[in-house]
Amino acid sequence: MRATEAVDPLKIGEGYYRAPSGQVAAKPYKLLRMALDRSSKVAVAKYAWSGRERLGLLRVREDVIVLHAMRWPDEIRSPEELLPPPVELSDEEIDGALALMDSMTREDLEGEEFQDTYTEALSQIIEAKREDREPPKLAERESKPGQIVDLMAALNESVQQARGLARRGRRRARAALLGLRAAVPHQRRHP
């Protein structure tokens, strides 16, 4: 048994709900679930999947045991081979990046930008084929050619835009509280 913080998240893969198979397995399942839950720990176990020995992490989620497939150490690339060449950064650039992060920070993961548009579009296509009609046309995204950008100027512009969106969001919230929501024009928020 290990605490969740002791496991490198990079090693954790897909998660699968586990359920006991029959009455005989119900008691050991519940015992393991309750022990994991009370201890705030996770268990690391070996299991077989598609004829191959795997490593897995067991944790509790809403009264159910979840098995997360784990990667063996040799399945994880070394980050050293991915490092970019050394570059110099000024404190001003770092402060600008931090300001941008602060202005874009959210507490929730709700809203348009967190919807699975691929699955929605695929469902529409499947439904159209079922009904023997033409699938909906999707708007093509404009592809812009790459360009060299002044990182500091782009960062400052992003910070200013994000601050403006945050101010508009606060104004909308105040207006809604006062019952004046209709008086505030709707702006779509982009990350």
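Heavy atoms of other residues, nucleotides or ligands lying less than 6.0 angstrom from CD of Glu81 number more than 12. The 12-atom threshold is not exceeded at CZ of Arg38, counting heavy atoms of other residues, nucleotides or ligands nearer than 6.0 Å. Sparse packing is recorded around CG of Asp132, with 12 or fewer heavy atoms of other residues, nucleotides or ligands lying under 6.0 Å away. Atom CG of Asp116 has more than 12 heavy atoms from other residues, nucleotides or ligands within 6.0 Å. Other residues, nucleotides and ligands place no more than 12 heavy atoms under 6.0 Å from the CD atom of Glu92.
Distance check: Asp37 CG to Leu32 CG gives 10.5 Å after rounding to the nearest 0.5 Å. Note that the CD atom of Glu134 and the CD1 atom of Ile125 stand 10.5 Å from one another [nearest 0.5 Å]. Rounding to the nearest 0.5 angstrom, the gap separating the CG atom in Leu31 from the CG atom in Leu36 is 9.5 Å.
Nearest approach of Glu120 to Gln115, heavy atoms of both residues: OE2-OE1, 3.7 Å. Minimum interatomic distance between Met70 and Arg54 (heavy atoms only, all atoms of both residues): O-NH2, 3.0 Å. Listed here is the closest heavy atom pair of Ala45 and Leu58: CB-CD1, 4.5 Å. Scanning both residues, Arg52 and Glu75, for their nearest heavy atoms gives NH2-OE2, 3.0 Å.
Residues Tyr118 and Ile126 share a hydrophobic cluster, clusters being chains of Ile/Leu/Val/Met/Phe/Trp/Tyr side chains in contact below 4.5 Å. By the rule that hydrophobic residues join a cluster once side-chain heavy atoms approach within less than 4.5 Å of another member, Val66 and Tyr47 end up as members of one cluster.
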For Arg61 and Tyr17: C-alpha separation, side-chain torsions, deciding distance, then whether side chain to side chain contact (heavy atoms under 4.5 Å, CB included) applies. CA-CA 9 Å; Arg61 180 176 191 267; Tyr17 288 116; 2.5 Å; yes
Evaluate Val60 against Val64 for side chain to side chain contact (heavy atoms under 4.5 Å, CB included), listing each step before the verdict. CA-CA 6 Å; Val60 176; Val64 180; over 6 Å; no
Report the C-alpha separation of Val44 and Leu55 in whole Å, then their side-chain angles, then the decisive distance to 0.1 Å, and conclude whether the side chain to side chain contact (heavy atoms under 4.5 Å, CB included) test is met. CA-CA 7 Å; Val44 176; Leu55 200 56; 3.9 Å; yes
Any chance you could lay out the side chain to side chain donor-acceptor pair (under 3.5 Å) test for Ser78 and Glu80, step after step, and finish with the verdict? CA-CA 5 Å; Ser78 170; Glu80 284 87 31; 2.3 Å; yes
Full working for side chain to side chain contact (heavy atoms under 4.5 Å, CB included) between Arg33 and Asp63: CA-CA 7 Å; Arg33 182 187 55 77; Asp63 295 333; 3.5 Å; yes
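In this structure, Glu93 contributes its side chain and Ser90 its backbone to a donor-acceptor pair below 3.5 Å.
In this structure Tyr16 satisfies the ring pair (Phe, Tyr, Trp, His ring centres under 6.0 Å) test together with Trp49, sequence neighbours excluded.
Within the 4.5 Å cutoff, the side chain of Arg59 has heavy atoms near those of the His68 side chain.
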Under 3.5 Å, sequence neighbours excluded: what are the donor-acceptor pairs made by side chains of residues 22-29?
residue, atom, partner, partner atom, Å
Tyr29, OH, Arg18, O, 2.6
Tyr29, OH, Ile65, N, 2.9

